[in-house]
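Reading through the structure tokens given below for one structure.
Residue numbers start from 1 in every chain, and the chains themselves are labelled A, B, ... in the order their sequence lines are given, proteins ahead of strands.
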Amino acid sequence: GESVGLHLPTLSVQEGDNSIINCAYSNSASDYFIWYKQESGKGPQFIIDIRSNMDKRQGQRVTVLLNKTVKHLSLQIAATQPGDSAVYFCAEIEVSNDYKLSFGAGTTVTVRA
Amino acid sequence: NAGVTQTPKFQVLKTGQSMTLQCAQDMNHEYMSWYRQDPGMGLRLIHYSVGAGITDQGEVPNGYNVSRSTTEDFPLRLLSAAPSQTSVYFCASSYSQGEYEQYFGPGTRLTVT
């Protein structure tokens, strides 16, 4: 069936380095992709979204890249900080499916001091 | 604004018991939803509501009921708790169904013994 998933369940990054979190999806009908950050003991927090007709979108210290040819999504975090330690989820929305969010399994990012 | 609030934060139930997880938001959001999060998995949609008086099923609705009598509140009822319902439950809201930035509550950790 359709699914959204992440390549790696864990990622360890040195403080100050750039982080790249990957996500593969299979639903070519998805209209939007969203990245969420979930800190320990908290609910997910919206980071950034990208429309399916875009290749790249930048936010504050984050960049999302979308490659529809290989159905791949990535989140790049610049100058990773200790506060970036969290679980990161990619999610997709298909407008014709009532805008329902479908989440991937998540990648746990640990920032080393 | 308090945002999205959930009560209780923790709950232990015995198999067969019923209970209601409370969710409220003070942002005048039309769209509200319930997710469950299990270890190693992304969030899965249980039920959602596009406005007061309107609810619909998500991906995993069995064993749960919802109602939306007001814009602010969206309670989730477990009719007869089962160990398979042990999970962390998150409520989320957004201004409208097509608004991709959903705001999540802090979660309710439920254990069914």
Side-chain angles (χ1 to χ4, degrees), chain A residues 1-10 21 23-27 30-52 54 57 59-60 62 64 66 73 86-108, chain B residues 2-10 21 23-25 27 29-51 54-61 74 76 87-109:
Chain A
E2 306 289 8
S3 65
V4 180
L6 290 164
H7 289 312
L8 294 173
T10 62
I21 306 165
C23 179
Y25 67 94
S26 59
N27 184 6
S30 294
D31 300 286
Y32 285 84
F33 299 90
I34 304 170
W35 282 99
Y36 281 89
K37 171 186 179 183
Q38 185 177 25
E39 297 175 70
S40 181
K42 297 183 179 180
Q45 180 182 11
F46 174 92
I47 301 174
I48 191 168
D49 66 340
I50 186 169
R51 292 174 65 112
S52 61
M54 298 172 65
R57 189 166 187 216
Q60 187 176 11
V62 295
V64 57
L66 177 62
L73 186 71
V87 180
Y88 290 81
F89 294 95
C90 64
E92 61 172 346
I93 289 180
E94 185 179 348
V95 172
S96 63
N97 191 22
D98 240 9
Y99 294 89
K100 293 174 190 169
L101 271 174
S102 295
F103 284 82
T107 291
T108 300
Chain B
V4 180
T5 58
Q6 292 183 239
T7 56
K9 197 167 180 60
F10 301 95
L21 306 185
C23 174
Q25 53 87 12
M27 297 174 282
H29 284 172
E30 290 295 324
Y31 186 83
M32 296 185 74
S33 54
W34 276 101
Y35 296 86
R36 60 178 288 173
Q37 184 176 34
D38 300 300
M41 299 180 69
L43 283 77
R44 291 184 292 169
L45 182 65
I46 305 172
H47 285 285
Y48 64 100
S49 169
V50 300
I54 305 168
T55 63
D56 210 339
Q57 295 181 349
E59 180 185 355
V60 288
F74 191 42
L76 178 73
S87 189
V88 181
Y89 291 85
F90 289 99
C91 178
S93 74
S94 61
Y95 181 73
S96 65
Q97 187 177 22
E99 179 63 47
Y100 309 123
E101 184 171 355
Q102 291 197 31
Y103 295 82
F104 283 81
T108 294
R109 184 174 293 275

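Atom CG in B/D56 sits 9.0 Å away from atom CD in B/Q97 (nearest 0.5 Å). One finds the OG atom of A/S52 at 8.0 Å from the OH atom of A/Y32 (value rounded to the nearest 0.5 Å). Note that CH2 of A/W35 is 11.0 Å distant from CD1 of A/I48, once rounded to the nearest 0.5 Å.
Nearest heavy atom pair, residue B/Q102 against residue A/L101, reads NE2-CD1, 3.4 Å.
The number of heavy atoms from other shown groups lying within 6.0 Å of CZ (B/R109) does not exceed 12.
Only the side chain of B/Y35 has a heavy atom closer than 4.5 Å to any heavy atom of chain A. When heavy atoms are compared at a cutoff of 4.5 Å, B/L43 approaches chain A by way of both its backbone and its side chain. Residue A/Q45: no heavy atom, backbone or side chain, is found under 4.5 Å from chain B. B/D38 does not touch chain A: none of its heavy atoms, backbone or side chain, sits under 4.5 Å away. For a residue to count as touching a neighbouring chain, one of its non-hydrogen atoms must lie under 4.5 Å from one of that chain's; by this rule B/E59 does not touch chain A.
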